[in-house]
Amino acid sequence: MELFEGMSVKLTQVGGFTRSIGLIAGFGFLSIISILVAGSPKQQTGLALIFAVVSILIPGLYLMRAINAFTNEYLAELVYGSAVIISLIILIHPLLSRYDAGFLTLVIVLLIGLISFIVSIKKGLINSPKLVEIGQIFLYLPILIIISIWLGRQAAAVPASNLDLSVVPPDIYHHMSLAGEITHHGGQIFPYVAGSQVDLIYHFGAFSLGSFLSFNGFFSLPVAMYRIEFILVSLLFIFALFVVGKQITEKNLGGFVAVAIGAFTLFPAFDVADGLRIATTRTLSISQLVGSALLVVGLGLALRVAQAKYASGLTLFFIVLVNAATSLSKGPTGAMLVGVLFVLAISQRYFEKTWISFKTFLASLAGFLIVFPFIFQLGASGANGVSLWINPLHTVRVVLGYQNIEINNINLLLFSIVLFFSAVSPALIAATFLTEKIYRSKIIALSAGVVAGSIGLMTFEAWGNSQWFVYYPIIPLVAILFALLAKIAFENRAVNSPLLYLGLGLIAQPTLQTIFRRWLEPSQIYYNLLWLISTLVIILIGFLIARFYENTATSTALQMAAVTLAGVGLFSALSTNDIRPMPVGNYEHPWSTTIGTQAVGDYLRKNSKPDDVLISNRHCVGPEENNPCHARIFALSALAERRVLVEGWSYTTCPLSEPLINSFWDDELFNLNQKVVNDPDLASVEKISRYGANWIVIDRLRPAAADFSEFAALKFSKGDMEVWKINNPSEVIDLPAQRGCK
């Protein structure tokens, strides 16, 4: 079955099987490098890596081979096939896990791989290996270098062993606790964390992939998620950028440009704390990384349809599948893909007189609507499940506050201008290339995504008090857009070299800004404004050089001025330090956990039931707390993969700010928890066990009763951590009320 009519030709008998194995071997080689760099448990990580290859890469590869869609495009087969399998896992694994059938996900993907392999043999699409063909892998050497840098920066994000000897950012534990919950209860859960009895509705797609890769707990979640999933999705993201960049430009150069921009640069480089310089590659955001990788794949499938002027039913089904998984991983990213494909359909109809892209828009819309009820739910607190509401300039206020700048109308206006210009700059660059008629519809569609993300950045507010993740999905769009613009610029022979203009922006702009700063010695807000002034000066210089020194047409001079702007901050992400775990003593850092926490988690995972509930004094909330821990750690729920009655804010609809101000929204439940851990009696122990709480986990560095032997038996201890099991727990008759945050 052909995916794109007219695009497939008979597979030449030159070692397609060997090239495919070479690509998978390259994946394994790069993964091993990252394992060695990270210092993670070698044996378990190696087994998990084999599991990922067998369950995702091989089925995906032969699925594409069986339908004969990407003939002689071995890398495309691997990228698109793996993305389809990952999308399938993201969508079905939470559902099957809900009915205690998560293992069937593996059965399904293995059957797809086996059937595809048999079909490929019958069609003669698997040839005799020719070892010389494995040398083709070195054609991708520049990409391999970029990946090596990427994995070297990312691999050490989480120490898969000895977590309680390191500072580990809170979101790590949040992700692991969600993945563990999916493993045991699927997409619908009844979290006891903060007593919020609500379904898990917030972007659990990426976490379901981590749950799948843990193989029902056979591999630990730190290994499954922060080794294998990051490796797998990172490779998918980078190679997808190359495939789509090459596809849209029909040049290898386009692929390399897309990879370089997408991997290393969030354009532009204006540093606003946790803002524009933190790209989708940020170490902690698994959900955004998965969403961005699938966004590129969905866009690539749609662009193939647009170029081929034909869409098969299978193509459209893949787009539905991929966009549904994208939306389930990050709602705004799925919405972004729908919007971009809508603009592509309209502009292609207007400029090219064809409705073919409208089918891909409808397919992406269908994928988004399928999961929309699961990611959107009106909460009792008035916020919604996608944590997004209109609050103009809230992000601007957050950044000004971070920079200790007074928030007044003048400063809001000045910084809004700077921030919006920096965010929308890629679209301004693209506008100068709209004279290229054959690329016009694609430039407009990709630029529309940039503009939408920029407007969202300035308009919306998110749960985390800023709206950067609305902007994050435009990075892969910018990467592909710049690949297209690079082709146009280098094919235009009107100037000596666009690289000269690129270098002007790269070197001269920060130099000019430094000179101005030393001369004027401005305040922080005026230093922000200096970034914009120096950038505009460099753009003008680029225009004047092209227009008068090289004597080009005005339109070409504008393009070269835009190329100069593209050079501002190029590869700036390389100068941004990723968050890495630091070995520290207990309580030297708010993100520290107590020695013994991971061992306690392992014990509970092996000796308790998935529905058991833990109570603990480790929550960093209450007037008795005076240790510098962080209320969002919830390490216990992550490492034990069990529900914790009071710990952090995981799964809740509560605002992020509550745990940070030493607050917990359910006073009655919190007071009961504190009574049991600080001054237990028979009545309080009996009452709390009605919630299913039958384990008491005590951190001896935090306030707690000296002895629980009257009500429970000591089962395990390690470091400063203890595990007690309640002797005679009551029947489970109470659940926390479903009432949202106070």
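Here the structure is a predicted model, which means the values were calculated and not measured.
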Nearest-0.5 Å distance, CD1 of residue I182 to CG of residue L96: 12.5 Å
Under 3.5 Å: donor-acceptor pair, side chain of S211, backbone of F207: no
Non-hydrogen side-chain atoms of I56 and L209 separated by less than 4.5 Å: yes
Partner residues of E491 under the salt bridge (charged side-chain N to carboxylate O under 4.0 Å, His left out) criterion, sequence neighbours left out: none
Minimum side-chain heavy-atom gap F368-L337 below 4.5 Å: no
Side-chain donor-acceptor contact under 3.5 Å, S441 with S347: no
L232 and L57, any side-chain heavy atoms less than 4.5 Å apart: yes
Residue from L344, L299, L485, V478 passing side chain to side chain contact (heavy atoms under 4.5 Å, CB included) with L446: L299
Donor-acceptor pair, side chain of Q307 and main chain of A302, under 3.5 angstrom: no
Residue pair L91, V371: steps toward the side-chain contact (heavy atoms from CB on, under 4.5 Å) verdict: CA-CA 9 Å; L91 294 171; V371 302; 4.1 Å; yes
I474 side chain reached by V451 side chain, heavy atoms, under 4.5 Å: no
Derivation of the side-chain contact (heavy atoms from CB on, under 4.5 Å) call for M336 and V470: CA-CA 9 Å; M336 178 71 75; V470 167; 5.5 Å; no
Reported NZ-to-OG distance for the pair K123 and S116, which is rounded to 0.5 angstrom: 9.5 Å
Under 3.5 Å donor-acceptor, S454 side chain and A423 backbone: yes
E436/K442 under salt bridge (charged side-chain N to carboxylate O under 4.0 Å, His left out): CA gap, chis, key distance, verdict: CA-CA 11 Å; E436 307 291 332; K442 299 179 182 65; over 6 Å; no
Taking every non-hydrogen atom, the tightest pair across A566 and F482: CB-CE2, 4.0 Å
Pairwise side-chain contact, I370 with N323, heavy-atom cut-off 4.5 Å (strictly under): no
Partner set under side-chain hydrogen bond (donor to acceptor under 3.5 Å, both in side chains) for S82, not counting sequence neighbours: none
Set of residues satisfying side-chain hydrogen bond (donor to acceptor under 3.5 Å, both in side chains) with respect to T333, sequence neighbours excluded: Q288
Steps toward side-chain contact (heavy atoms from CB on, under 4.5 Å) verdict (T315, V305): CA-CA 8 Å; T315 314; V305 170; 3.5 Å; yes
Parallel, tilted or perpendicular, as decided by the 30° and 60° cut-offs, for the rings of H175 and Y226: parallel
N/O donor-acceptor pair under 3.5 Å between E229 side chain and G210 backbone: yes
Nearest heavy-atom neighbours spanning V296 and P476: CG2-CB, 3.5 Å
For S447, side chain to side chain contact (heavy atoms under 4.5 Å, CB included) partners two or more places apart: A427, A430, I443, L481
From CA spacing to verdict: ring pair (Phe, Tyr, Trp, His ring centres under 6.0 Å), F51, F212: CA-CA 10 Å; F51 176 74; F212 170 80; 5.4 Å; yes
With a 3.5 Å cut-off and sequence neighbours excluded, list the donor-acceptor pairs that the side chains of residues 251-261 form with protein atoms.
residue : atom : partner : partner atom : Å
N252    : OD1  : K246    : NZ           : 3.4

Non-hydrogen atoms of I90 and S329 that approach each other most closely: CD1-OG, 3.9 Å
Student check: side-chain heavy atoms of I238 and F242 closer than 4.5 Å: no
Check: Y472/K330 side-chain N/O donor and acceptor closer than 3.5 Å: no
Distance in Å, F318 CZ paired with L301 CG, rounded so as to fall on 0.5 Å steps: 8.0 Å
Side chain to side chain, I480 and L484, heavy atoms closer than 4.5 Å: no
Approximate separation, where rounding is to 0.5 Å, of S120 OG and I115 CD1: 11.5 Å
Distance-minimising heavy-atom pair for P498 and A489: CG-O, 3.6 Å
Contacts under 3.5 angstrom, residues 355-367 side chains, donor-acceptor by atom type, not counting sequence neighbours:
residue : atom : partner : partner atom : Å
S357    : OG   : Q348    : OE1          : 2.2
T360    : OG1  : S357    : O            : 2.6
S364    : OG   : T360    : O            : 3.4
S364    : OG   : F361    : O            : 2.8

Point-to-point distance, once rounded to the nearest 0.5 Å, from CG of L221 to CG of L213: 10.0 Å
F372 vs S327, side-chain contact (heavy atoms from CB on, under 4.5 Å): CA-CA, chis, key distance, verdict: CA-CA 8 Å; F372 185 74; S327 303; over 6 Å; no
Closest approach of I85 to S55 (non-hydrogen atoms, all atoms of both residues): CG2-O, 3.8 Å
Crowding at CZ, F215 (>12 non-hydrogen neighbours, <6.0 Å): no
Distance, nearest 0.5 Å, that separates OG of S234 from CZ of F239: 11.5 Å
Heavy-atom check, side chain of T354 versus side chain of R349, under 4.5 Å: no
Taking every non-hydrogen atom, the tightest pair across S87 and L321: CB-O, 3.8 Å
